There are 2 protein chains.
Amino acid sequence: MTRSTRQRGVIARILETAEGPLAVNDIHLRASQDLPRLGIATVYRTLKLLAEQQQIHAVTLDGETRYEAVGKGHHHHFSCNYCGRVFTVYNCPVQLPAGTEYPGGFVIEGHEITLYGRCPDCQKTQGPS
Amino acid sequence: MTRSTRQRGVIARILETAEGPLAVNDIHLRASQDLPRLGIATVYRTLKLLAEQQQIHAVTLDGETRYEAVGKGHHHHFSCNYCGRVFTVYNCPVQLPAGTEYPGGFVIEGHEITLYGRCPDCQKTQGPS
DNA sequence: ATCCTTGCAAAAGTTTTGCATTCCC
DNA sequence: GGGAATGCAAAACTTTTGCAAGGAT
């Protein structure tokens, strides 16, 4: 830690406690409650810095860049088709160790999965689509 | 088909014959070989139109929006960590029928998988990283 | 006092829109 | 000739950068 790290801490904590990756606007909105004068440029700069430090990383989902804290272990994302929120889920439905060779000669080093569907909240509040 | 559909046809064919989803710049570049005066606005307009007609759809991958033809059946994407190209692959490593309930109460309606690794070309041309 | 960080505003990049012209029928 | 599609340029947005002001030591 170099020095004054107020916004860095606020933003890092927001991402650590979020239910899933957050969009920049959302981060700005949430952080503004603690830091009312916070500018969007600082949000971008802080996110870039945290990403370089490997504390967070970007995921692109449904055309939007979102950020999440690292250190959550292997996980995937669930995007609710009804409310648009994205959640982190820990069950992994595949067995694809690095080195696995896929038909066609593609050698696998990693994978990302996004699940789509209805989140628990939207099951309570809405009937079937 | 309403009428003059030159660029529409060119762009649709590019996407149908591509090895995977293409970025807008790439589509513009490829289409320009047939249509030298083609403007980027027309590319965006055409992509939007084709997407509304359900002939193509957008996928976001590694922070970039790409487009692919529909009608390729269930498939996933392989993104090469070495050359950056994205390929369509047809093996699906999961069994997740719609209605499956994930731990936490997430009801699944669909899924998207992106595999990362080394593509066949990059295995020929480069040694291990 | 000095160095680093911030907010603001301008700039750069990407996607969309307005409009006059061109293209087809 | 008339309606639709196109290219260009401007407008909207999103993200980055420059810079003067503010904060911390």
Side-chain angles (χ1 to χ4, degrees), chain A residues 1-15 18 20-69 79 84-86, chain B residues 1-15 18 20-69 79 84-86:
Chain A
M1 237 123 295
T2 48
R3 296 264 239 73
S4 141
T5 317
R6 187 76 209 287
Q7 12 280 80
R8 208 169 309 173
V10 170
I11 290 178
R13 180 146 1 88
I14 286 172
L15 293 180
L22 301 180
V24 176
N25 280 344
D26 197 357
I27 296 167
H28 185 207
L29 213 66
R30 295 185 191 207
S32 294
Q33 299 187 352
D34 281 309
L35 307 159
R37 297 182 28 84
L38 178 66
I40 189 71
T42 302
V43 174
Y44 277 107
R45 273 188 288 238
T46 303
L47 290 172
K48 192 175 189 178
L49 181 68
L50 289 170
E52 282 164 5
Q53 293 177 175
Q54 315 261 41
Q55 285 193 246
I56 66 173
H57 68 101
V59 301
T60 313
L61 232 137
D62 305 321
E64 225 183 9
T65 301
R66 290 164 175 261
Y67 289 85
E68 67 184 352
S79 175
R85 282 186 295 167
V86 176
Chain B
M1 241 124 290
T2 48
R3 305 257 241 75
S4 142
T5 317
R6 187 77 210 289
Q7 10 283 79
R8 209 170 308 173
V10 170
I11 290 178
R13 180 147 359 87
I14 286 172
L15 292 181
L22 301 180
V24 176
N25 279 343
D26 197 356
I27 296 167
H28 186 207
L29 213 65
R30 295 185 190 208
S32 294
Q33 298 187 351
D34 282 307
L35 306 160
R37 298 182 28 84
L38 178 66
I40 189 72
T42 302
V43 174
Y44 277 108
R45 273 188 287 236
T46 303
L47 290 171
K48 191 174 189 179
L49 182 67
L50 290 170
E52 281 165 3
Q53 294 177 173
Q54 314 261 40
Q55 285 194 245
I56 67 173
H57 68 101
V59 300
T60 313
L61 232 138
D62 304 320
E64 224 181 11
T65 300
R66 291 165 175 260
Y67 289 86
E68 67 184 352
S79 174
R85 281 186 294 168
V86 176

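In this text, all values refer to a predicted model and were calculated from it rather than measured experimentally.
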To the nearest 0.5 Å, how far apart are OH in Y67(B) and NZ in K48(B)?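 Reported to 0.5 Å precision, the distance equals 9.0 Å.
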Can you measure [X] atom [atom1] to [N] atom [atom2] for me and round it to whole angstrom units?
X: R8(A); N: dG23(D); atom1: CZ; atom2: C1'; answer: 14 Å
X: L35(B); N: dT22(C); atom1: CG; atom2: P; answer: 18 Å
X: I27(A); N: dT15(D); atom1: CD1; atom2: P; answer: 11 Å
X: L49(A); N: dT15(D); atom1: CG; atom2: P; answer: 18 Å
X: I11(B); N: dA5(D); atom1: CD1; atom2: P; answer: 14 Å

Looking at every non-hydrogen atom in both residues, tell me the closest pair between [X] and [Y] and how far apart they are.
X: L47(A); Y: I56(A); result: O-CD1, 3.4 Å
X: I11(A); Y: A31(A); result: CG1-CB, 4.2 Å
X: R6(A); Y: D34(A); result: NH2-O, 4.3 Å

Between H28(A) (side chain only) and T42(A) (backbone N and O only), is there a donor and an acceptor less than 3.5 Å apart?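 Side chain of H28(A) to backbone of T42(A), a donor-acceptor pair under 3.5 Å: no, none is there.
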Can a side chain N or O of Q7(A) be found less than 4.0 Å away from OP1 or OP2 on dT5(C)?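 It does not, given that no N or O in the side chain of Q7(A) lies less than 4.0 Å from OP1 or OP2 of dT5(C).
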Charged N to carboxylate O below 4.0 Å: is that the case for R66(A) and E68(A)?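 Not counted as a salt bridge, because no side-chain N and carboxylate O are separated by less than 4.0 Å.
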Protein-proximity profile, nucleotides 8-19 of chain C, B/S/- by nucleotide at the 4.0 Å heavy-atom cutoff, equals BB-----SBBB-
